[in-house]
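This structure is in structure tokens; I'll ask about it shortly.
Throughout, numbering of the chain's residues begins at 1 and tracks the sequence. All ligand and atom numbering here is 1-based and tracks the order in the structure.
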Amino acid sequence: MSESLPAPDGILATVTDPGDLKRLSTEQLTLLAAEIRDFLVAKVSRTGGHLGPNLGVVETTLALHRVFDSPRDRILFDTGHQAYVHKIVTGRQDGFDLLRQRGGLTGYPSRAESEHDFIENSHASTALSYADGMSKAFALRGEDRHVVAVVGDGALTGGMCWEALNNIAAAKNRLVIVVNDNGRSYAPTIGGLADHLSTLRLNPGYEKVLDLVKDALGSTPVVGKPVYEVLHAVKRGIKDAVSPQPMFEDLGIKYLGPVDGHDVQAMESALRRAKGFNAPVIVHAVTRKGYGYRPAEQDEADCLHSPSSFDVETGKSLAAAKLKWTSVFADELVKIADERPDVVGITAAMAEPTGIAALAKKYPERSYDVGIAEQHAVTSAAGLAMGGLHPVVAVYATFLNRAFDQVLLDVAMHELPVTFVLDRAGVTGPDGPSHYGIWDMSVFGVVPGLRIAAPRDEATLREELREALAVDDGPTLVRFPTGAVPAALPALRRVGQVDVLREDERKDVLVVAIGSFAGLGLDVAERLAEQGFGVTVADPRWVRPVPIELTGLAAQHRLVVTLEDGMRAGGVGDAVASALRDASVEVPLRDFGVPAGFHPHGTRAELLAELGLTAQDVARDVTEWVAKLDAQPADAEIRR
Ligand SMILES: Cc1ncc(C[n+]2csc(CCOP(=O)(O)OP(=O)(O)O)c2C)c(N)n1
Ligand SMILES: CC(=O)[C@@H](O)[C@H](O)COP(=O)(O)O
Ligand SMILES: [Mg+2]
């Protein structure tokens, strides 16, 4: 291909492997970066996905793949939501039409997709720990290969990063850390680290001044000792003069930067220098989230961090506006906060996505963004509660997993009034296995004293949130799924705290429908009724501990079926079965839930169908189960 002119159908079409990047000229790289941006906007505008983060790492990713030899050298992405460019240059351009869709590319690195991919977990702040381990392994095995970790400034607010940095500094292994500093998580990154990075960022002259001095001194091919010492002394002087002492060097990790992360040559130069160090080194890349696409650059909320499909011209979402669970939560939380000055909110760098932003807008002094630091969020909430407040910790369900110990021993053991609000609970879908919110009712169901509510619609979310905030002798947890709230599902009557949604004078089957599966329970009931069964549908509302009234209702029926949008193992179905045994209520029970596993990405509906969690599947299974029970001798041991 001509060095000077792009190929007729562009340069991007000629890039199928990182090696193709190494032959490109500076001009061609500039053209390629523009093509990649056009590609990202065009594709993600149709599929949805992490547009802002990936627009911000185009040049950095190109430089990484020109300097290092992936996959022999390992390039790791923290959180992984900014790995689209990496996928584009490692032979996966064709997969973007089905990005985050069933059978298509995942939105994160995937070992099944490519030998260039390693970390599949989309939870932030893990890459440096992987990198620490890998660099130790390569050192121990005597393997001459590099480990590079790309970490966002937001991810750096996560505690694991600092645990890793401490060990990386101690190990002194060869390791390149690229801090992708765009100054944001969703919103501007908070905290002392963010301030330190912005201080460094505001001294971009450091590298440029250094280059000027080097030019002035003339870079002899072999720098003799005197020249080197002069140059080094000058460099120290420059660093001290133009750039505050980066704390990383105090940690024992070399620091290079700040570097313009949108200048491929500057990044390549810094990365080549970093590659030459036989020790850990940080390359501080200064980038802009959404760079090169004005609607993203100008999006004050989150630089189009993870939009659904959108209009390319305007950046405006094409998704139909629906009332979402998050909006209902946010609205009710502010109403409660109006009445309760002791109620405060905590977010882990996700104020907008969790709804805490609404509280922060009206009561900024009662809203805390702790960064991507869920463990700290929970124990800080314990401190807030010990100080006489009632904190609401709002996170996505999957992210609370990493704070289990804090929930168990810092909050529950102290019987503190903390309310956890888990958004995206249950089967989510496009973000793949590490974003599924299926674990909470099983994992946190074992926490002594923790009460768990699963609302089924807008009214019960508002009601159960208020009930949770009224509890002052222990923690509470309210969980709801992603997306739009369903139509109202009113109760016929309430038995204690259990809502009866449907009933029949013939009491053949009791369907216990948990939270977002209430609608499914009603649909199953209709199908069973068509086959002549008398079906009651009950929503316990508070699912842990199991309401005593549920055992009473069960005792009136021949069979019990439980439905939950959560892991079956150790879930509410198991808890109900245990409660029936404890109450000596010998009624056969069949529990339906999500099988334990790392389930693939796709739409929520697709995955529920694949898991057999549709009205048709459940009704059929129940019918077959009843037939088996009826075929058993009357004295057969009751089976589930
Ligand atoms: C443990 C955890 N908490 C929250 C999130 C949600 N999340 C995904 S990306 C992101 C912001 C990441 O910011 P940064 O690391 O700076 O990357 P950028 O998007 O700026 O490139 C957050 C909070 C997550 N993935 N993992
Ligand atoms: C990478 C990450 O964790 C978030 O950006 C997440 O993908 C957002 O999910 P929602 O799109 O459901 O808000
Ligand atoms: Mg960032």
Side-chain angles (χ1 to χ4, degrees), residues 47-58 60-61 77-85 100 106-109 119 121-128 149-161 178-191 193-194 197-198 201 261 285-291 296 301-309 317 319 324-326 347-355 369-378 394-403 423-432 434-437 481-483 601 604:
T47 62
H50 288 93
L51 181 66
N54 284 283
L55 288 170
V57 295
V58 174
T60 296
T61 306
F77 293 90
D78 193 289
T79 317
H81 64 306
Q82 78 292 55
Y84 294 5
V85 183
R100 297 170 16 122
T106 75
Y108 302 90
I119 303 173
N121 180 10
S122 59
H123 289 201
S125 314
T126 65
L128 295 185
V150 178
V151 188
D153 56 301
L156 268 183
T157 59
M160 266 181 78
C161 281
V178 177
V179 172
N180 172 35
D181 177 13
N182 54 28
R184 301 180 77 106
S185 286
Y186 280 73
T189 305
I190 63 98
L193 169 74
L197 285 176
S198 61
R201 202 166 46 231
V286 178
T287 63
R288 183 170 182 179
K289 199 162 191 172
Y291 184 72
D302 61 19
C303 297
L304 293 186
H305 175 86
S306 63
S308 52
S309 57
S317 174
K324 297 198 173 176
W325 287 95
T326 312
T347 175
M350 298 179 77
E352 282 295 339
T354 61
D369 178 352
V370 298
I372 309 179
E374 286 81 2
Q375 293 173 322
H376 170 70
V378 172
V395 294
Y396 286 10
T398 185
F399 300 142
L400 192 64
N401 290 352
R402 62 172 40 176
D423 199 331
R424 274 58 170 190
V427 170
T428 43
D431 276 303
S434 51
H435 261 71
Y436 272 75
T482 185
H601 64 284
R604 175 175 160 85

**Request:** Sort by chain and number the protein N/O/S atoms found under 2.8 Å from the Mg ion (ligand 3).
**Result:** D153 OD1, N182 OD1, R184 O
**Item:** Stepwise side-chain contact (heavy atoms from CB on, under 4.5 Å) check, V378 with L400
**Value:** CA-CA 9 Å; V378 172; L400 192 64; 3.9 Å; yes
**Request:** Run down the list H435, H305, R424 and name the one with the heavy atom closest to atom 2 (C) of ligand 2.
**Result:** H435
**Request:** Let me know which protein residues bring a heavy atom to under 4.0 Å of ligand 1; chain then number is fine for ordering.
**Result:** P53, T79, H81, S122, H123, A124, G152, D153, G154, A155, N180, N182, R184, S185, Y186, K289, H305, M350, I372, E374, F399, R402
**Request:** Would you check, one step at a time, whether the test salt bridge (charged side-chain N to carboxylate O under 4.0 Å, His left out) holds for R100 with D431?
**Result:** CA-CA 7 Å; R100 297 170 16 122; D431 276 303; 3.1 Å; yes
**Message:** Does any part of the side chain of V370, heavy atoms only, come nearer than 4.5 Å to the side chain of T347, both counted from C-beta?
**Reply:** no
**Message:** Just so I know, are the side chains of R424 and P481 near enough to count as touching, which here means a heavy-atom distance under 4.5 Å?
**Reply:** no
**Item:** Test item: side-chain donor near acceptor, H435 and T398, under 3.5 Å
**Value:** no
**Request:** For the residue pair T354 and D423, confirm or rule out a side-chain donor-acceptor distance under 3.5 Å.
**Result:** no
**Within the 6.0 Å centroid threshold, strictly below: Y108 and H81** = no
**Request:** May I ask you to check if ligand 2 and T79 share an N or O to N or O distance below 3.5 Å?
**Result:** no
**Complete:** Output for pair (D78 CG, C161 SG), nearest 0.5 Å, gives 5.5 Å
**Prompt:** How about S434 and S122: does a side-chain donor come under 3.5 Å of a side-chain acceptor?
**Reply:** yes
**Request:** Quick one: closest heavy-atom pair of P109 and I119, and the distance?
**Result:** CB-O, 3.2 Å
**Message:** Testing the basics here: between S185 and H305, what is the closest heavy-atom pair and its distance to 0.1 Å?
**Reply:** O-ND1, 4.2 Å
**Request:** Please confirm whether H50 comes under 4.0 Å of ligand 2, counting heavy atoms of the residue only.
**Result:** yes
**Request:** List the atom of G261, the atom of A285, and the distance in Å for their closest heavy-atom pair.
**Result:** CA-CB, 4.2 Å
**Request:** Examine H81 against ligand 2 and note whether any of their N/O atoms are separated by less than 3.5 Å.
**Result:** no
**Asked** P53 and K289: which non-hydrogen atoms are nearest, and at how many Å?
**Response** CG-CE, 3.7 Å
**Prompt:** Between Y186, Y396, F399, which one has a non-hydrogen atom sitting closest to atom 4 (C) of ligand 2?
**Reply:** Y186
**Fill in**
atom 1 (C) of ligand 2: closest protein heavy atom, distance to 0.1 Å, is Y108 OH, 3.2 Å
**Item:** Atom indices of ligand 2 within 4.0 angstrom of D431 heavy atoms, with elements
**Value:** 6 (C), 7 (O), 9 (O)
**Prompt:** If we only count N/O pairs under 3.5 Å, is S122 in contact with ligand 2?
**Reply:** no
**Request:** Determine, step by step, whether T287 and N180 satisfy the side chain to side chain donor-acceptor pair (under 3.5 Å) criterion, reporting the C-alpha distance in whole Å, the side-chain angles of both residues, the deciding distance to 0.1 Å, and the verdict.
**Result:** CA-CA 7 Å; T287 63; N180 172 35; 2.6 Å; yes
**Message:** At less than 4.0 angstrom from any non-hydrogen atom of S306, what atoms of ligand 2 do you find?
**Reply:** 11 (O)
